[in-house]
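None of the values given here were measured: they were computed from a predicted structure. For the single chain, residues carry numbers from 1 onward in sequence order.
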Amino acid sequence: MKRPILIVLIGYIVGIIWGVCTTVCIAPFIIVFFIASRKVLKFRKNIYRYIKVIIKKETIIVFIVSCVISNIYVLYLNNRYSNLYSNIKEENTIVCTIVEDKKTYKYKVGYKVRVEEINKDKKYKNTYLYLYCYKEYDKLALNYGDKIELKCEYIEPEIQRNFKGFNYYEYLKTKKCYGVIKIKNSKIKKIKKNNLSFIKILSNKIAQIFYNKSNNILSTETSELLIAILIGKDDGIDENIVKDFRDSSLAHMLAVSGSHISYIIVSSAFIVKKIKVNKRKSKYIVIIILIFFMFLTGLSEPVVRACIMGIIIVSAELFYRKIDFLNSISLSLLILLIDNPFAIKNVGLLLSFGGVIGIVLYEKYFFDKFNKYIKKNNKLKDVILHMLAVTFAAQLMITPIILIYFNTVSLTFFISNLLAGYLLEIITIFGFIVLFISIFSINLAKILGIFLNFILYLLIFIANICAKLPFSKIYMIIPNMIYIILYYVLIILIIYLECLSKKDLLRYYEKKIIMLKVKFINYIKKYFKYIMLIICIISVMLSVIKHIPKDLKVYFIDVSQGDSTLIITPRNKKILIDGGGNREEDVFNVGEKILIPYLLNRKINKIDYMVISHFDSDHVRAGYFMLWKK
């Protein structure tokens, strides 16, 4: 096997998906499928011989073993979650440790806690919960690492309330979290301080120093943005800025990426070289710095992915091994999924890995294509083409993910990334330098911070302008999963055929390709008339089926406060009665967050009639939002 880790990863992912979608163990199905397919293929000896050449026996064994292991693990975790939900009481005495800094919301504050015991039972030790309390109780002075005892009310997370709507129960699983607890009163007993590992406490203190220094040097807006760019903590950024970054396809800039890690590796290696540490020891120091940086950023999935890949690259140089990017990506994803299999549904993880895989597979392909049509040769052209190639390669892989999770696509992503891409590099490098200087001289840091503040405001301005461009955010119907799978098969096939033009692969496959081409062409020639006839019949049938009257359908949409009803008539007319909405639209936009995604998930991109029962905001505001978007 050329890439055993990749085979293990594929099997592991298949097992996870099976476990997430069903409650049945995959092992019996694999055994039945393997035996049945083996017997069927023995009758078609030519096909069986080809499969034996392409897929080795060891590959199949590794795939099956990893698939079964991950499936059993997911079923075990699902059972553990269900047991906690069914066994825990409404009122509980919990001993826990705070493992994340306080997050402030409009009416409440929240902490992520690691359970030590529940009602003096250690059965659920090391599980995680979110702890919330109203702001009037926010006099507790709880800090990161505090071990506390409190009486609380357990709240089971909600499942989705609308068709393909947000499922808080499943979302918490991606965060390794079992639910939410609310403080019944303000009586909390502090048992111990710094009840976490030394490296976690130290990294949190350094992150707090960065945060405080940044606030002293920059304005509130730019300070929060800088912290998000440098260490991935985007909790404090203004929601309008986050929205602009998302709508302009620049949301990836608010998370630590591979470019950050490359800067850390290069700068660390440079500093270590200047203090005259030998080359081999310097590699170990860089690896230690990368591990520490993971803890500094809170072990978020994109950061862990980038750091693991960085550690693999440095380790390859340390042990004189050739770097294989697919193996590096596979190993980093495998580590994350072993830690939490449900992270497979985490949108941040999917976008991070999707973007990297796209860049690895297609960056050179796009660069060559762009370079082919632009004849002028200079360094600026190469820089621009490289940025465009990276942007298109990443977007090619993540577009279906964005469509599934956010119901939108962008046709202006290359403009925003081209304008903001190199600003991000300046901010990252210069931001770390300014924060490092601020530890020794806050006055010098404030002087340098004037330029940094300007660059950050410029980035915010670009995000705001690009978010308002036509076609920057297009709402679309979410396609069926089969079309998304076909999309990925097609783009993988394109790169595969591109690789076949290389001499080393062409020699190996030459005879097989010629045979397959001849057989395929002969098959098409022989059955072309029948194929065209079948296509015409299917097209006519689909158009006829579309106009056949169907049953009357009435859907009641859960929009929280207020009402909303969708009616689909037998003649396929769509009627929306009310749309829900809040009196304070800045609290939660029902039209954007609930109503539009619901309609798009129902494959509806046009409403024929909209009926308003009365003009209270909780009935009409979301409908106004939809009309405005139209």
Side-chain angles (χ1 to χ4, degrees), residues 101 199-200 202-237 241 245 250 252-275 277 282-283 285-300 302-311 313-314 352 420-460 462:
D101 289 317
I199 189 170
K200 286 185 177 180
L202 178 62
S203 58
N204 180 260
K205 285 181 179 178
I206 292 174
Q208 286 300 317
I209 290 169
F210 281 175
Y211 185 80
N212 294 332
K213 295 291 184 184
S214 177
N215 282 335
N216 288 334
I217 297 165
L218 306 171
S219 67
T220 303
E221 274 186 338
T222 54
S223 172
E224 299 289 357
L225 180 59
L226 179 66
I227 292 299
I229 291 171
L230 296 187
I231 58 177
K233 294 184 182 293
D234 60 352
D235 305 327
I237 304 179
I241 294 176
F245 271 80
L250 296 175
H252 61 277
M253 294 188 175
L254 304 181
V256 177
S257 64
S259 59
H260 293 66
I261 305 307
S262 63
Y263 302 146
I264 291 169
I265 292 171
V266 171
S267 57
S268 300
F270 176 77
I271 292 167
V272 169
K273 187 179 179 182
K274 286 296 178 183
I275 59 177
V277 176
S282 69
K283 303 292 183 189
I285 292 170
V286 170
I287 290 170
I288 291 167
I289 291 170
L290 289 176
I291 292 169
F292 182 76
F293 185 73
M294 282 194 284
F295 285 98
L296 183 68
T297 55
L299 295 172
S300 64
V303 180
V304 173
R305 185 270 306 162
C307 284
I308 290 174
M309 289 186 66
I311 290 168
I313 290 167
V314 175
S352 177
Y422 287 98
L423 279 181
L424 180 67
E425 290 188 15
I426 296 168
I427 290 166
T428 304
I429 297 168
F430 195 61
F432 274 121
I433 292 170
V434 170
L435 288 180
F436 183 74
I437 290 171
S438 69
I439 298 171
F440 304 100
S441 174
I442 192 69
N443 293 325
L444 177 58
K446 283 181 178 180
I447 294 169
L448 296 173
I450 295 169
F451 174 71
L452 182 60
N453 210 46
F454 170 74
I455 298 295
L456 286 162
Y457 270 122
L458 181 60
L459 182 61
I460 292 170
I462 289 171

Would you give the length of the straight line joining atom CG of Leu250 to atom CD1 of Ile462, rounded to the nearest 0.5 angstrom? 8.5 Å

Give every donor-acceptor pair under 3.5 Å between a side-chain atom in residues 222-230 and any protein atom, sequence neighbours left out.
unit_1: Thr222; atom_1: OG1; unit_2: Ser219; atom_2: N; d: 3.3
unit_1: Thr222; atom_1: OG1; unit_2: Ser219; atom_2: O; d: 3.2
unit_1: Thr222; atom_1: OG1; unit_2: Ser219; atom_2: OG; d: 2.8
unit_1: Thr222; atom_1: OG1; unit_2: Asn453; atom_2: OD1; d: 2.5
unit_1: Ser223; atom_1: OG; unit_2: Ser214; atom_2: OG; d: 2.8
unit_1: Ser223; atom_1: OG; unit_2: Asn215; atom_2: N; d: 3.3
unit_1: Ser223; atom_1: OG; unit_2: Asn215; atom_2: OD1; d: 2.7
unit_1: Glu224; atom_1: OE2; unit_2: Tyr211; atom_2: OH; d: 2.7

State the CG-CZ distance between Leu202 and Phe292, to the nearest 0.5 angstrom. 4.5 Å

Within a radius of less than 6.0 Å around OH of Tyr422, do more than 12 heavy atoms belonging to other residues, nucleotides or ligands occur? yes

Can any side-chain N or O of Asn212 pair as donor or acceptor with the backbone N or O of Gln208 at less than 3.5 Å? yes

Measuring from atom CD1 of Ile439 to atom CD1 of Ile209, what distance do you get when rounded to the nearest 0.5 angstrom? 6.5 Å

List for me each residue that meets salt bridge (Lys or Arg N to Asp or Glu O under 4.0 Å) alongside Lys283, sequence neighbours excluded, and say none if there are none. Glu317

Do the non-hydrogen side-chain atoms of Ser438 and Asn216 ever get within less than 4.5 Å of each other? no

Rounded to the nearest 0.5 Å, what separates atom CD in Glu221 from atom CD1 in Ile460? 5.0 Å

Testing Leu435, Val434, Ile433 one by one against Ile437 for a side chain to side chain contact (heavy atoms under 4.5 Å, CB included), which residue passes? Ile433

To the nearest 0.5 Å, how far apart are CG in Leu218 and CD1 in Ile450? 10.5 Å

Evaluate side-chain contact (heavy atoms from CB on, under 4.5 Å) for Ile442 paired with Ile217, printing each intermediate quantity in order. CA-CA 8 Å; Ile442 192 69; Ile217 297 165; 4.0 Å; yes

Shortest non-hydrogen pair, Leu459 vs Ala420, comes out as CD1-CB, 3.6 Å

What I'd like to find out is whether the side chain of Val286 reaches to under 4.5 Å of the side chain of Ile311, using heavy atoms alone. no

Distance, nearest 0.5 Å, that separates CG of Leu456 from CZ of Phe451: 10.0 Å

